[in-house]
Amino acid sequence: MNYFLTEEQLMIKELAKKIADEKIKPVATQYDESEEFAWPIMKTLAESDLFGVYIPQEYEGLGGGTMEMCLVIEELSRACGAIALGYAGTGLGTLPILLYGSPEQKKKYLPDLGKGKKLASFCITEAEAGSDAGAIKTTARKEGDKYILNGTKQWITNAGEAEIYTVIAMTDKSRGSRGASAFMVEKGTKGMDFGKKEKKMGIRASATREVIFTDCEIPAENLISREGMGFIVALKTLDIARAGVGAQAVGIAQGALDLAVEYSKTRKQFGQTISSFQAVQHMLADMAIQVEAARALVYAAARTSDSGAKSVSKDAAMAKVFASDAAMKVTTDAVQIFGGYGYMRDYPIEKYMRDAKITQIYEGANQIQKNIIASHLIKESLKKS
Ligand SMILES: Cc1cc2nc3c(=O)[nH]c(=O)nc-3n(C[C@H](O)[C@H](O)[C@H](O)COP(=O)(O)OP(=O)(O)OC[C@H]3O[C@@H](n4cnc5c(N)ncnc54)[C@H](O)[C@@H]3O)c2cc1C
């Protein structure tokens, strides 16, 4: 399908595809098995300027937006959803600075992030605060020209690997959701530690760890925006990043579909290739429809985000839900097309199914996304009546 991408977007997509095919595909299984963070690939992405596609030119980036970020995530995820997450997680951790940072903060952090010299990480989730992000307990207490952070963030992508952490913490519990604030914390700050690397079902090459703050002192100038803006920073960040999760899901689904088509042309049963059976052909056709519909929604949400529209929340939630459900269905069907071989770890397809699952869960579980979509529908309808 033609999505009428600009020349520059096509070049970015091609470059990401080339790196995915030549550098990521050959090592994806190896990284899945070893569960190591793919630093050599991050270095390649950095040298290719891909971390800078959504960073404004005034901060030494390429000046694109959500669409460019999604194109890179999609192409990388086609080869490996886990390695792609090192890139996507940096986008998530960078967005609060991009959206709400002061000119000084942007000048200090964005050039290095855009050049891939530093990775980023976004920290909101805690053991008792997942979907209910308003229940976070991490605190940031102001003392003179410093904030002192205490608390533990859980399941943080890129934790331990990234240099820059954007952290949501409570500055005034008595104000409820208006009592949270957003901060930047640099790796190596005294009082900041990491938990053990989590062992996961899928996206195993991605790093997921706790981030632990014990009387962690940061300069007051590391506050992003104003006190009390923490959840607004987080919500706006996630609204944009969710198109990225959708893109990750589309990439994973497309990668699985490509493998299923190839396999169906070589596997013979009853004296013919399984691609000659109509039941298999229809499965492939249904998978292709799902992938394309998901891609169309993700690109539409990304374009809405880049248009400067007041809210991208409903579009991004729709794209994230549809694309992640499509990825789960398409990867499961791809395993089915591989039959028993699909269940074997010697074949690359089962990894796609394991990697797809997380896209239905993180950056707001799909049930929560449906709450967001429904609340928009009801509000829009009330406005009309
Ligand atoms: C691999 C991985 C990486 C992650 N990376 C990050 C990261 O980088 N930064 C970060 O801050 N967090 C991260 N997370 C956390 C992630 O965003 C949360 O796991 C997610 O938001 C869901 O929270 P929960 O796991 O606590 O599930 P819960 O909130 O306990 O939900 C459990 C189930 O109940 C459902 N549910 C909950 N409330 C409702 C409701 N009101 N209505 C309907 N259904 C509901 C959910 O949809 C879900 O199905 C990561 C998680 C994982 C697993």
Side-chain angles (χ1 to χ4, degrees), residues 32 35 37 73 77 80-96 119-138 149 151-170 177 180 182-185 187 194-213 224 230-231 233-242 244-246 248-249 252 316-317 320-321 324-325 327-328 351 354-375:
D32 181 61
E35 304 192 18
F37 190 77
I73 295 174
S77 301
C80 179
I83 294 176
L85 188 56
Y87 176 89
T90 291
L92 176 65
T94 302
L95 277 165
L119 301 188
S121 191
F122 176 76
C123 314
I124 187 165
T125 303
E126 299 178 5
E128 304 301 328
S131 301
D132 184 10
I136 58 166
K137 293 197 178 91
T138 297
L149 270 60
T152 299
K153 297 292 177 185
Q154 175 173 273
W155 299 336
I156 303 305
T157 297
N158 283 351
E161 315 293 338
E163 295 291 328
I164 309 295
Y165 295 76
T166 44
V167 179
I168 310 297
M170 298 305 292
S177 65
F183 299 93
M184 273 163 315
V185 186
K187 185 179 176 182
F194 301 104
K196 67 171 174 41
K197 193 169 175 181
E198 302 289 350
K199 294 186 95 57
K200 308 190 291 291
M201 170 202 288
I203 52 160
R204 287 162 50 171
S206 71
T208 316
R209 293 185 172 93
E210 282 180 341
V211 182
I212 306 157
F213 300 105
I224 301 174
F231 285 125
V233 172
L235 290 179
K236 293 280 178 200
T237 291
L238 289 166
D239 275 352
I240 294 177
R242 267 178 205 131
V245 179
Q248 182 189 27
I252 292 171
K320 195 260 183 191
V321 170
S324 58
D325 286 352
M328 204 58 241
K351 171 183 179 299
R354 289 187 282 108
D355 286 354
K357 183 63 202 168
I358 191 62
T359 61
Q360 293 178 310
I361 299 172
Y362 63 15
E363 290 192 32
N366 282 4
Q367 289 74 15
I368 301 302
Q369 301 311 303
K370 289 181 187 176
N371 293 350
I372 294 173
I373 296 162
S375 86

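Basis for what follows: all heavy atoms, side chains included, without hydrogens, waters or symmetry-related copies. All values reported here derive from a predicted model rather than from experimental measurement. Read the numbers this way: they start at 1 and go in the same order the structure lists the ligands and their atoms.
At least one protein heavy atom sits closer than 4.0 Å to atom 1 (C) of ligand 1. Contact annotation for atom 35 (C) of ligand 1: protein absent (non-hydrogen atoms, distance under 4.0 Å). Atom 5 (N) of ligand 1 is approached by the protein to below 4.0 angstrom, counting heavy atoms only. Protein heavy atoms all stay at least 4.0 Å away from atom 30 (O) of ligand 1.
Scanning Trp155, Phe122, Tyr362 for the heavy atom closest to atom 9 (N) of ligand 1 points to Phe122. Comparing Ile358, Val167, Ile361 against atom 53 (C) of ligand 1, the shortest heavy-atom distance belongs to Ile358. The heavy atom nearest to atom 49 (O) of ligand 1, considering only Lys153, Gln367, Glu126, Met201, is found in Gln367.
A donor-acceptor pair under 3.5 Å is absent between the side-chain atoms of Thr125 and the main chain of Gly130, judged by distance alone. With hydrogens and angles ignored, the 3.5 Å screen pairs no side-chain donor or acceptor of Arg242 with any backbone N or O of Ala317. Within the 3.5 Å criterion, the main-chain N or O of Ile212 finds no donor-acceptor partner in the side chain of Thr152.
Protein heavy atom at the shortest distance from atom 21 (O) of ligand 1 is Gly364 N, 3.9 Å. Nearest to atom 37 (C) of ligand 1 among the protein's heavy atoms is Ser131 OG, 3.6 Å. At the shortest separation from atom 26 (O) of ligand 1 among protein heavy atoms lies Gly130 CA, 3.2 Å. For atom 42 (N) of ligand 1, the nearest non-hydrogen atom of the protein is Asn371 ND2, 3.5 Å. Remark: minimum distance from atom 45 (C) of ligand 1 to any protein heavy atom is reached at Ile368 CD1, 4.0 Å. Here the protein heavy atom with the shortest distance to atom 17 (O) of ligand 1 is Glu363 N, 3.4 Å.
In Asn158, neither the side chain nor the backbone holds a heavy atom less than 4.0 Å from any atom of ligand 1. The proximity of Lys200 to ligand 1, defined as any non-hydrogen pair under 4.0 Å, is limited to the side chain. With a heavy-atom cut-off of 4.0 Å, Asn366 does not touch ligand 1 at all.
Across Asp355 and Ile358, no two heavy atoms sit closer than the pair O-CG2, 3.3 Å.
Between Thr157 and ligand 1, at least one N/O pair is under 3.5 Å apart. Ligand 1 has a nitrogen or oxygen under 3.5 angstrom from a nitrogen or oxygen of Thr125.
The Ile156 neighbourhood of ligand 1 comprises atoms 7 (C), 8 (O), 9 (N), 10 (C), 11 (O), with distances under 4.0 Å to a heavy atom of that residue. Within the listing of ligand 1, atoms 46 (C), 47 (O) sit less than 4.0 angstrom from a heavy atom of Ala365.
Just one residue in the list Lys187, Glu210, Lys153 forms a side chain to side chain contact (heavy atoms under 4.5 Å, CB included) with Phe194, and that residue is Lys187.
The shortest side-chain heavy-atom distance between Phe183 and Thr138 does not fall under the 4.5 Å cut-off.
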Apply side chain to side chain contact (heavy atoms under 4.5 Å, CB included) to Arg354 and Arg204, showing your working. CA-CA 9 Å; Arg354 289 187 282 108; Arg204 287 162 50 171; 3.4 Å; yes
Test side chain to side chain contact (heavy atoms under 4.5 Å, CB included) on Lys370 and Gln367; report intermediate values, then the result. CA-CA 5 Å; Lys370 289 181 187 176; Gln367 289 74 15; 5.8 Å; no
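Between atom CD1 of residue Ile372 and atom CG of residue Leu238 there is a gap of 8.5 Å, rounded to the nearest 0.5 Å. Taking CD1 of Ile156 as the reference point, atom OG of Ser121 lies at 6.0 Å (rounded to 0.5 Å). Atom CZ of Phe122 sits about 13.0 Å away from atom CG of Asn158, to the nearest 0.5 Å.
A salt bridge links Glu161 with Arg209: at least one charged nitrogen is closer than 4.0 Å to a carboxylate oxygen.
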